[in-house]
Protein chains: 2
Amino acid sequence: MSYPAGYRIERERPRRRQSGETARLKAIQAAIELFAVGGYGGTSIADVAAKTGLSQSGLLHHFPSKTALLSAVLEHRSKEDADFLFDGEQAPLGWEAFDAMVSLVARNSTRPDWVGLFVRLSAEATEPGHPAHQWLLDHYSSLRRWLGEALEDGKVHGDVAQDAPVEAIVNNTIAVLDGMQQQWLCAPGSFSMVAQFRTFIESIKTTWG
Amino acid sequence: MSYPAGYRIERERPRRRQSGETARLKAIQAAIELFAVGGYGGTSIADVAAKTGLSQSGLLHHFPSKTALLSAVLEHRSKEDADFLFDGEQAPLGWEAFDAMVSLVARNSTRPDWVGLFVRLSAEATEPGHPAHQWLLDHYSSLRRWLGEALEDGKVHGDVAQDAPVEAIVNNTIAVLDGMQQQWLCAPGSFSMVAQFRTFIESIKTTWG
DNA sequence: GTCTATACCTCGATAGAC
DNA sequence: GTCTATCGAGGTATAGAC
């Protein structure tokens, strides 16, 4: 059975009840903002529900449990980060990868909630039993792989010194990124994350370029 | 009024009830280990009491509130850190300050509980309302001051390049320290914090030495 | 899809006996 | 110095009406 073009079975109609998808997105956004301040453990689903404009049970209709909500938040975050960094294109290699990280820092500077979300969750999720633990491991692992490959590629092309300690450079880059955000949260606006991160990148380029 | 040497008014006597000081120290140690895993918000005073070998109320006899316990923990930590780094002597200046930081990292490598304590608490305490917020600000502020002075002194003595961006170097050093510990907690023993931190220090020495 | 009501737990803190 | 008992608040999750 087929229909002529333009024919729609389900036409748009005004409705009081928002669609499940709308409610989910609103809730995820609310959860991001609240987790960013209180972390996962310090935020109640009632808080998220209130910010979403739902009762607690109303929220639990869309996310059967608090951890389900967390999973949705993490998935959302990972996706947006990947979209920003790569956006369908090939991941940059060589020092360009580190320049891409600078862009990421610039983007983060405009999104305190995302910085807070990561800083809080990653500290909590260090613990093996935490519901975001695996996510955190995956996050680090993919970041390490990408930056590691970028440096190895740079060695092949002669942009990176042959004796550059890849693992240490990669880990330190990630460490600067995370530690800087931690400091920045204490006093947002007290320094430029971009400028500071650039200083770091310049230093490693100078040393192992 | 004076007593002959060797004469003691209060002689040691066996007692069932431990002294207040003993109980306090036991509780602080227990709290450190528990805060290191669950953070401040994620740890109940009942947990601390159990680990100390007291009932919840028994613990609250020594620390009138949960925040009082936290304060004692923070004070304890700050003191031990200062003792380790300076130990009554003058704080080292120039690049020696950064070498001292390497020693600190080496010490931390043997104390996962301290690393955990700092990572969790500092992430929570980023929030202005957190009971450890001021402590965190003070911690960063004193660390920044010391490392900043060290670099300025190095400039005077010609060990540090005149155009070295002091603030960025200092902040990045602290960032590496913090971020590295965060990664290390995810998989303690998966890499050497000392070696990695040395790589960072070498890089900045190379660039601005 | 959203709500109220509720079950059941844990938490921080206080009161008061020993 | 340590305990039991208890209060009141707030947490997750479920049942069931609309």
Quick one: which residue pairs count as a salt bridge (charged side-chain N to carboxylate O under 4.0 Å, His left out) with a foot in [range], not counting sequence neighbours?
range	answer
residues 170-186 of chain B	none
residues 192-205 of chain A	A:D99-A:K205
residues 31-41 of chain A	A:E33-A:K51

Considering residues at least two apart in sequence or located in another chain, which fulfil the ring pair (Phe, Tyr, Trp, His ring centres under 6.0 Å) criterion with B:W208? none
The criterion is ring pair (Phe, Tyr, Trp, His ring centres under 6.0 Å); which residues satisfy it with A:F86, sequence neighbours excluded? A:W146
Does anything in residues 50-68 of chain B come within less than 4.0 Å of DNA chain C? Heavy atoms only, and list the residues if so. B:Q56, B:S57, B:L60, B:S65, B:K66
Quick one: list whatever passes side-chain hydrogen bond (donor to acceptor under 3.5 Å, both in side chains) with A:S44, sequence neighbours left out. A:D47
List the residues meeting side-chain hydrogen bond (donor to acceptor under 3.5 Å, both in side chains) with B:E167, not counting sequence neighbours, and say none if there are none. none
Quick one: which residue pairs count as a side-chain hydrogen bond (donor to acceptor under 3.5 Å, both in side chains) with a foot in residues 114-129 of chain B, not counting sequence neighbours? A:R120-B:E127, A:E127-B:R120, B:E124-B:H130
Do any of residues 122-131 of chain A sit with a heavy atom less than 4.0 Å from DNA chain D, and if so which? none
Residues of residues 27-38 of chain B with any non-hydrogen atom less than 4.0 angstrom from an atom of DNA chain D: list those, numerically ordered, please. none
Taking the axis from the first five pairs and the axis from the last five, what angle separates them in the helix from C:dG1-D:dC18 to C:dC18-D:dG1, rounded to 10 degrees? 0°
